[in-house]
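Fair warning: this is a prediction, and the values are worked out from it, not measured in the lab. Keep in mind that the numbers below use all heavy atoms, side chains included, and drop hydrogens, waters and symmetry copies.
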Amino acid sequence: MNTKSAVEPDPTAIGDISSPPFVRLPDPGSIFSTRAARLRQLAETSQVSPYLRFVEGLARAQHEIQVGLPAPGGPDATAVARAREFAMPLIDRSRIEDEPTLDDIFDRLFAAVAPIEKPAAAADALSRVTAASVQDRRAMARTVFSSALPADAIAEHIYIWAALQVHFARLASALDAKMLAPIADGICPTCGGLPVASMVVGWPGSHGARFCCCSMCGTLWNYVRIKCVLCGSTKGIGYQEIDGHGGTIKAETCDECQGWMKILYQDKAPDTESVADDVASLGLDLLMRAGPYRRGGFSPLLAGL
């Protein structure tokens, strides 16, 4: 597998950035259907087409189960003030214990995913998570929040993560983007999640700007180019990619922390979607696995591959 390494910083032109917003909050009514459509497109030519088809079905289920759910509520003024004072995410993950809607989302998603064609191991995992108690599901949710899935129960936790994505995307959509502020490198200002990747966008007014893509709530937050998403260093940044992919997906490496993350170029490939294109670019993960860098962020759909 051929690679291309950039010793110098990313040479891509910054573009016509005017004044990109700090965040773009998710639209739960379209984020999962858009992802499903992208997965279907990618599956047509992918060597991992069966897996992409399964993830497409999962994304469609995430979209469909939202019908009839009560409107999400936002944090009160006290919670907002506390988050701003202590540089905390606006959404408090610890409150999942008091979120009755989450139980409904779990039940709806697990039922909606049941008919999807899947490997026997994934079907067995779905049976186990469907039969799990409320307490066990909450415990698995807390494990997902740790961004480290147990090797012997990855599939179960992917189903939990998928339900949490729906829940947190809905909560994030109820926020006022003006209330959000940076809290730390590589941490979502909305929910505290880790990014699945970063993306150089082609939106009007933000063309060439980079946004980190939250793996949990789907928030996109603006982040400086040529800077490590993991540790904030601007030194020792390099780029690697698989030849022949048109420069649309690269591994951004950092010699300071020895980490790497994918950077997607939506400005070059407008249909790019963070989760879908992350899964479809498994080859880049396999390439990087042989090198000295560890992957940062959180990519649960690739955790067992």
Return yes if some donor-acceptor pair links the side-chain N/O of [X] with the main-chain N/O of [Y] below 3.5 Å, else return no.
X      : Y      : result
His167 : Ala163 : no
Ser133 : Asp136 : yes
Lys178 : Asp176 : no
Asp277 : Glu273 : yes
Ser299 : Leu301 : no
Arg38  : Ser33  : no
Thr253 : Gly238 : yes
Thr34  : Ile31  : no

Are [X] and [Y] connected in the hydrophobic side-chain network, where two residues link if heavy atoms are under 4.5 Å apart?
X      : Y      : answer
Ile242 : Trp260 : yes
Val134 : Val129 : no
Val48  : Ile154 : yes
Val224 : Leu230 : no
Met88  : Leu25  : no

Are [X] and [Y] packed together at the side-chain level, in the sense that at least one heavy-atom pair is separated by less than 4.5 angstrom?
X      : Y      : value
Arg225 : Val200 : yes
Gln240 : Leu284 : no
Met199 : Arg210 : no
Phe22  : Pro182 : yes
Cys188 : Cys217 : yes
Thr130 : Leu126 : yes
Trp161 : Phe298 : yes
Asp185 : Val229 : no

Using a strict cut-off of less than 4.0 Å between a Lys/Arg side-chain nitrogen and an Asp/Glu carboxylate oxygen, indicate whether [X] and [Y] qualify as a salt bridge.
X      : Y      : result
Asp278 : Lys262 : yes
Arg53  : Glu56  : yes
Lys235 : Glu256 : no

Closest non-hydrogen atom pair between [X] and [Y], with its separation:
X      : Y      : result
Met216 : Val144 : CE-CG1, 3.8 Å
Ser274 : Leu264 : CA-CD1, 3.6 Å
Pro70  : Thr101 : CG-OG1, 3.9 Å
Ala148 : Thr143 : O-CG2, 3.7 Å
Ile91  : Ala172 : CD1-N, 3.7 Å
Pro189 : Ile183 : CA-CD1, 4.0 Å

Report yes or no: do [X] and [Y] form a side-chain donor-acceptor pair below 3.5 Å?
X      : Y      : value
Ser233 : Lys227 : no
Gln165 : Arg35  : yes
Ser127 : Asp124 : no
Tyr239 : Glu252 : yes
Arg138 : Gln135 : no

Aromatic ring proximity, centroids under 6.0 angstrom, Phe168 and Phe145:
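Yes; Phe168 has its ring centre under 6.0 Å from that of Phe145.
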Considering residues, nucleotides and ligands other than Arg294, do more than 12 of their heavy atoms fall under 6.0 Å from its CZ?
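Counting neighbours around CZ of Arg294, more than 12 heavy atoms of other residues, nucleotides or ligands fall under 6.0 Å, so yes.
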Does the pair Asp104 and Arg137 meet the rule for a salt bridge (Lys or Arg N to Asp or Glu O under 4.0 Å), with working shown?
CA-CA 12 Å; Asp104 191 13; Arg137 291 177 180 179; over 6 Å; no
Between atom CG of Leu58 and atom CG of Leu109, what is the distance when rounded to the nearest 0.5 Å?
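CG of Leu109 is found 6.0 Å from CG of Leu58.
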For the CD1 atom of Ile160 and the CZ atom of Arg142, what is their distance to the nearest 0.5 Å?
11.0 Å
Aromatic rings Trp203 and Phe211: how do their planes relate, parallel, tilted or perpendicular, breaks at 30° and 60°?
tilted
